[in-house]
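Below is one structure, written out as structure tokens, with a few remarks after it.
Here the structure is a predicted model, which is why all the values come from computation and not from measurement. Letters A, B, ... are given to chains in the order of the sequence lines, protein chains preceding strands, and every chain is numbered from 1.
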Amino acid sequence: MADPIYRAPKGTRDILWPDSARRRALIDRFAEVVGTAGYTEVVPPMFEHLEVFQRLGDATEVVRKEMYDFEDKGGRRVALRPEQTASVVRAFAQHRPTPPWKTWYAGPNFRYERAQKGRFRQFDQVGVEALGPEDAHLDAEVIALAWRFYQALGLRQVGLQLNSLGGPGDRARYIETLRDYLTAHREELTEESLATLEANPLRVLDSKRDGDAEVIAAAPNILDHLSDEASAHFDRVREALDTLDITYTVVPSLVRGLDYYVRTTFEFTSEALDAAQDAIGGGGRYDGLAAEMGAPATPGVGFALGVDRTLLACDAEGVFGGPTGVIDVFVVDTTGGHEALRLTDLLRRSGLRVDRAWDDRSMKAQMKVADRSGATLAVIVGTEELDAGEVALRDLRGDTGQETIAVGNLLDVLRERLR
RNA sequence: GUGGCCGUAGCUCAGUUCGGUUAGAGCACCUGGUUGUGGUCCAGGAAGUCGGGGGUUCAAAUCCCCUCGGUCACCCCA
């Protein structure tokens, strides 16, 4: 392609129609679904003080190398948000809405990394956060919302993986047990995993490298290291999901990348996607995060779903197709355009979707544009019609021909025909 | 951050192996065939610094180097 002077920055892209319409429809659908459970929208800023995101964990990739951080003109260290949970919890700490605070969001996040299929430097997520209750049924509600949303899109091949990391104490104890185990088997681990082991033993379990598979399979199971409370919480989540007929797989190695997670964690994967990026959503509990942001200790649970990946999954399953027509009526005017100007305005004010031709082109050319527009009807104004105070109405989607009607009747006739 | 593959009209691509006349095709676009009527068909037209820079050569889309971009994978995650 001839290189344009400028192109969208690396890892970003322009979303044009019809993709933009599909993205909008997905977000609208999400708002509908979570609206049925009383979640209200929150719109946090797209950047925060760097410290807000450093709460995600110093050892996480997101914080270590993927942060879009910079110094603003006032000398403040700020960063584009790599995810929205931290921002939402910060907003909770700042505004102290009365718990339970159940909120949803949709918008872009930013991570500095190399793009690949389903992964961009700017990417949209939709998600919910629910702060206040510790009730395991809230975990189930949150998971169920994501599940119902996928169903509403028509997705059938979505898998739910579930795990519990236990409370903060369980988690810390397990990490030591795991570190000991992995260290004892360091000879059998890949080089990459040895590096991960230093920084964050839990995430070694996340490795997809074949060389690590055996060691990971035989690793101590976190579910055997849960406190009674954490274990009971997990059981209650599972019972709730069973009650709701939501199928899941317990995956003890599911640890997820952010350090704030405790107790319930979960991830949604599309079985229809064969790309490496098959995780289409995930979330969990973060009971300690609000306190870290300066709020009174407040439990929280939520999820984030990747808009792009969800749409990829929809493509793979052939559901949630593109938008239908954008125009109902197309006005063709070969008398100079004044009638087109007047009629489009008249019809639009009545709520019809109307477009017209420009540049006073030939009727043939205007008819071609009318056809391409996807409109169902063409209103044609030629000199004969103009003189007689009439317009021709032509069906563009069938072969029923055309009729001549008085301009005064146009709106009524169109409404009838478009019914 | 690491590695593989790929950059030729708006889009999808041929041509690159063994360098050589004005760089091609399909789709899309424009005009005409049809002095008023689209969707099919026919004819014609417009459209390309062959991603960019440097080098080798009488001659480079084609060979070499660098660079930018895309893509896929690793890492990690949505």
Side-chain angles (χ1 to χ4, degrees), chain A residues 1-13 16 56-57 59-66 82-85 107-127 146 190-193 195-196 199-200 203-204 206-212 254-258 267-270 273-283 303-313 330 332-335 357 359 361-375 377-386 392-399 401-402:
Chain A
M1 99 182 56
D3 251 1
I5 300 176
Y6 299 116
R7 48 173 64 245
K10 196 176 176 67
T12 70
R13 76 270 198 236
L16 276 56
L56 305 179
T60 62
E61 296 279 321
V62 169
V63 171
R64 254 184 34 243
K65 71 171 194 189
E66 296 174 0
E83 56 118 54
Q84 280 169 264
T85 301
N109 303 315
F110 307 84
R111 292 183 195 173
Y112 190 88
E113 55 187 344
R114 277 179 63 165
Q116 68 188 71
K117 194 174 187 63
R119 193 174 77 180
F120 303 94
R121 288 186 172 182
Q122 176 177 332
F123 61 101
D124 285 306
Q125 283 185 334
V126 295
T190 60
E191 232 175 277
E192 293 91 336
S193 285
T196 308
N200 191 339
R203 283 189 303 110
V204 174
D206 246 349
S207 166
K208 294 173 193 162
R209 291 171 288 268
D210 290 341
D212 298 319
L254 179 72
V255 295
R256 304 190 49 73
L258 302 171
E267 197 163 287
F268 297 97
T269 55
S270 168
L273 286 178
D274 53 2
Q277 314 299 334
D278 66 346
I280 58 176
F303 65 71
L305 314 181
V307 170
D308 305 300
R309 290 191 190 173
T310 301
L311 287 172
L312 284 176
F330 195 95
V332 167
D333 177 0
T334 56
T335 67
D359 295 333
R361 299 219 277 156
S362 72
M363 176 166 289
K364 174 173 175 160
Q366 291 194 43
M367 286 303 296
K368 281 187 78 129
V369 179
D371 186 49
R372 279 201 307 261
S373 77
L377 294 168
V379 170
I380 303 169
V381 184
T383 45
E384 287 174 26
E385 289 84 356
L386 184 63
L393 191 59
R394 185 176 180 83
D395 176 12
L396 293 172
R397 297 300 145 224
D399 46 8
Q402 69 186 52

Check your understanding: Quick one: salt bridge (Lys or Arg N to Asp or Glu O under 4.0 Å) partners of A:E385, sequence neighbours excluded?
Key -> none
Point to revise | A:E385 side chain, from C-beta outward: closest of B:U37, B:G36, B:A78 | key: B:G36
Review point. Can you name the residues that form a side-chain contact (heavy atoms from CB on, under 4.5 Å) with A:R121, not counting sequence neighbours?
Key: A:K10, A:Y68, A:Y112
Review point. Paired with B:A43 by Watson-Crick or G-U wobble geometry, both distances under 3.5 Å: which nucleotide is it?
Key: B:U31
Review point. With sequence neighbours left out, what residues match A:Q116 under side-chain contact (heavy atoms from CB on, under 4.5 Å)?
Key: A:R119, A:A276, A:Q277
Using a cutoff of under 3.5 Å, can you pull out all pairs of nitrogen or oxygen atoms linking the protein to nucleotides 69-72 of chain B, with atom names and distances?
| residue | atom | partner | partner atom | Å |
| --- | --- | --- | --- | --- |
| B:G69 | O2' | A:R7 | NH1 | 3.4 |
| B:G70 | OP2 | A:K10 | NZ | 3.1 |
| B:C72 | OP2 | A:K117 | N | 2.7 |

Review point. Quick one: side-chain contact (heavy atoms from CB on, under 4.5 Å) partners of A:A378, sequence neighbours excluded?
Key: A:I380, A:R394, A:L396
Review point. Looking at the side chain of A:I380, which of B:C76, B:G38, B:G36 is the nearest nucleotide?
Key: B:G36
**Study point:** A:R361: partners by side-chain contact (heavy atoms from CB on, under 4.5 Å), with sequence neighbours left out
**Key:** A:D359, A:A365, A:Q366, A:V369
Exercise for review: With C1' as the reference atom in both, quote the distance from B:U34 to B:C42 in angstrom, rounded to an integer.
Suggested key: 12 Å
Review point. Out of B:U31, B:U37, B:A78, which has the shortest distance to the side chain of A:R361?
Key: B:U31
**Study point:** P gap between B:U40 and B:C66, integer Å
**Key:** 50 Å
Exercise for review: Sticking with atom P, work out how far B:G51 lies from B:G69, rounded to a whole angstrom.
Suggested key: 16 Å
Review point. Expressed in whole Å, how much space separates the C1' atoms belonging to B:A28 and B:C75?
Key: 41 Å
Point to revise | Among B:U31, B:C76, B:G36, the one nearest A:M363 by side-chain distance | key: B:G36
